[in-house]
Amino acid sequence: STRNYFQGSKRHTRQLMDRCRDIEKKYPLPPDSWHKCHQYYVAPKVMQKMKNAWTFGIGKDARHEGWLRYFNPDVIVQSFDPTHISKSTIHHENWTVMHRDRDLGFSPGEKAKLQWFNYAYHPSGKRVEFFTHDPGRKCYSTINIESKKLIDQVTVRTKNVKGLLETQVHPDYIKFDVEGLWWEFVKDLLDNNLHVSQLVGEFEMYFGDENLQFERLNIIIQLMQEAGYVVFTNRILRTNMVELAFVKKGLV
């Protein structure tokens, strides 16, 4: 019956969220000494030595990028998200950056603005389709969830990690919100020996088979630990995803 279907769906959602909370409990939260850059936390030693940052996934919110620039006015922040919304978001956040620079005593244009690039991450590095099921069109993904109503679809340019390293400055810090491609993204970083000081991002567990997603997440955690990173839970969530931060030993 319809009632049993919805009860089963709610029960499955609760179970999925419980599994996400179990992952979060395994790792410590960021210490109070860390810099709170909107929703993500950055270790002080990482912030101090940071020269270049890559951020993937902007949508309607670039406050994290703006706070990076506040705590380290010399960092060059390069953001990758090919939607028109993200371009406008970066433009407006740069007004905030400009005013903060002025309050810090810097003259206009003395420090670099947030930089926006009109391509996304994808392991193929080719043009792909971007899909959104969000009425506000703030979250796009290369994965089309067929069970949800499609709101918009657009062809976008992409680059993989190798392509990014050929054209962009080598980063010290990476934030990612790649809507379901976290397995491919982190594996791509490791395969290209891109070991940044800190990596932080979202691990959505609702794209594809649930058990496979958790298996992959555990593999990623193990690979990062073997590569010399300490794992933190960025914050406790109430959704079916996990936010983790990986910081190089010696910079915690």
Side-chain angles (χ1 to χ4, degrees), residues 37 40 42 46-59 62 64-66 68-69 72-91 93-94 97 109 111-131 139-143 154-204 207 216 219-220 223-224 226-229 244-248 251:
C37 299
Y40 298 107
V42 182
V46 173
M47 184 69 76
Q48 184 179 10
K49 74 185 294 289
M50 190 189 307
K51 295 181 179 179
N52 299 284
W54 287 358
T55 67
F56 297 83
I58 299 298
H64 173 68
E65 288 72 13
L68 289 177
R69 273 282 281 98
N72 184 341
D74 293 317
V75 67
I76 296 174
V77 181
Q78 299 180 315
S79 298
F80 308 93
D81 189 330
T83 63
H84 291 295
I85 288 177
S86 67
K87 180 180 181 180
S88 177
T89 299
I90 291 293
H91 173 76
E93 187 63 26
N94 269 323
V97 168
K111 301 296 181 179
K113 294 181 179 179
L114 306 178
Q115 300 176 6
W116 174 79
F117 296 87
N118 65 337
Y119 42 84
Y121 168 79
H122 194 269
S124 71
K126 300 178 180 178
R127 289 183 179 269
V128 300
E129 293 300 305
F130 243 18
F131 307 95
C139 295
Y140 280 78
S141 173
T142 59
I143 303 171
V154 60
T155 303
V156 298
R157 298 167 57 213
T158 73
K159 286 192 178 184
N160 52 27
V161 172
K162 181 180 178 181
L164 288 163
L165 289 172
E166 291 173 349
T167 57
Q168 310 303 133
V169 180
H170 192 292
D172 309 290
Y173 170 88
I174 293 177
K175 178 223 82 175
F176 65 90
D177 180 3
V178 288
E179 298 296 326
L181 288 183
W182 50 265
W183 165 258
E184 292 83 355
F185 180 71
V186 179
K187 284 278 291 175
D188 206 356
L189 293 176
L190 294 173
D191 290 344
N192 282 275
N193 295 314
L194 180 49
H195 300 290
V196 295
S197 298
Q198 179 173 336
L199 173 69
V200 61
E202 292 187 1
F203 296 84
E204 303 91 355
F207 288 98
R216 285 178 165 180
I219 292 173
I220 288 296
L223 289 173
M224 293 297 288
E226 291 174 353
Y229 288 88
L244 298 178
F246 304 92
V247 184
K248 270 288 190 181
L251 296 176

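What you see below is based on every heavy atom in this structure, not just the backbone, and it leaves out hydrogens, waters and symmetry mates. Residue indices begin at 1 and follow the sequence shown.
- The shortest side-chain heavy-atom distance between Phe117 and Ile90 does not fall under the 4.5 Å cut-off.
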Stepwise side chain to side chain contact (heavy atoms under 4.5 Å, CB included) check, Asn118 with Phe80
CA-CA 6 Å; Asn118 65 337; Phe80 308 93; over 6 Å; no

For residues 171-178, please give each side-chain donor-acceptor pair under 3.5 Å, one per line with the distance, not counting sequence neighbours.
residue: Asp172; atom: OD2; partner: Lys51; partner atom: N; Å: 2.6
residue: Asp172; atom: OD2; partner: Asn52; partner atom: N; Å: 2.8
residue: Tyr173; atom: OH; partner: His64; partner atom: NE2; Å: 2.8
residue: Lys175; atom: NZ; partner: Gly57; partner atom: O; Å: 2.8
residue: Lys175; atom: NZ; partner: Glu65; partner atom: OE2; Å: 3.1

Show your reasoning for whether side chain to side chain contact (heavy atoms under 4.5 Å, CB included) applies to Ser141 and Glu204.
CA-CA 12 Å; Ser141 173; Glu204 303 91 355; over 6 Å; no

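- With a 4.5 Å cut-off on side-chain heavy atoms, Leu181 and His122 count as touching.
- The CG atom of Leu194 sits 9.0 Å away from the CG atom of Leu199 when rounded to the nearest 0.5 Å.
- When only modelled atom types and interatomic distance are considered, Thr83 and Ser86 share a side-chain donor-acceptor pair under 3.5 Å.
- Side chain of Asn94 to main chain of Val97: no donor-acceptor pair is present (N/O by atom type, distance under 3.5 Å, no hydrogens or angles).
- With contacts defined as side-chain heavy-atom distances shorter than 4.5 Å, the pair Leu190/Asn192 does not qualify.
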Would you check, one step at a time, whether the test side chain to side chain contact (heavy atoms under 4.5 Å, CB included) holds for Lys49 with Ser197?
CA-CA 9 Å; Lys49 74 185 294 289; Ser197 298; 3.4 Å; yes

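- Between the CG atom of Leu251 and the CD atom of Gln48 there is a distance of 10.0 Å, given to the nearest 0.5 Å.
- Two residues are said to be in side-chain contact when any heavy atoms from C-beta on lie closer than 4.5 Å; Asp81 and Lys87 fail this criterion.
- Atom NE2 of residue His195 and atom NE2 of residue His170 lie 9.0 Å apart, to the nearest 0.5 angstrom.
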Is there a side chain to side chain contact (heavy atoms under 4.5 Å, CB included) between Leu244 and Val200 once you walk through the steps?
CA-CA 6 Å; Leu244 298 178; Val200 61; over 6 Å; no

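- At least one side-chain heavy atom of Val77 sits under 4.5 Å from a side-chain heavy atom of Thr55.
- Between Tyr40 and Gly201 the shortest heavy-atom distance is CE2-CA, 4.3 Å.
- Counting all heavy atoms, side chain and backbone alike, Ser124 lies closest to Thr158 at OG-OG1, 4.3 Å.
- Side-chain contact between Trp182 and Glu202 is absent, with no heavy atoms from C-beta onward closer than 4.5 Å.
- For Asp74, the side chain to side chain donor-acceptor pair (under 3.5 Å) partners two or more places apart in sequence, or in a different chain, are Lys111.
- A donor-acceptor pair shorter than 3.5 Å can be found between the side chains of Thr167 and Lys159.
- Taking a 6.0 Å sphere around NE2 of His84, one finds it holds 12 or fewer heavy atoms contributed by other residues, nucleotides or ligands.
- Note that the CD atom of Gln168 and the CD1 atom of Ile76 stand 11.0 Å from one another [nearest 0.5 Å].
- Looking only at side-chain heavy atoms (C-beta outward), Arg127 and Val156 stay at 4.5 Å or farther from each other.
- Taking all atoms of both residues into account, the shortest heavy-atom contact from Met50 to Ala53 is SD-CB, 4.0 Å.
- Between Phe185 and Phe56, the ring center distance clears the sub-6.0 Å criterion.
- The distance from the CD1 atom of Ile58 to the SG atom of Cys139 is 11.5 Å, given to the nearest 0.5 Å.
- The line from CD of Gln78 to CH2 of Trp116 is 13.5 Å long, rounded to the nearest 0.5 Å.
- When side chains are defined from C-beta on, Tyr229 does not count as touching Gln198, because their heavy atoms never get closer than 4.5 Å.
- The two residues Arg157 and Pro82 have their closest heavy-atom pair at O-CG, 4.5 Å.
- Asp188 and Tyr121 form a side-chain donor-acceptor contact under 3.5 Å, judged by distance and modelled atom types alone.
- Considering every non-hydrogen atom in both Cys37 and Met47, the closest pair reads SG-CE, 3.7 Å.
- Every residue was checked against the ring pair (Phe, Tyr, Trp, His ring centres under 6.0 Å) condition with Phe131, not counting sequence neighbours, and none meets it.
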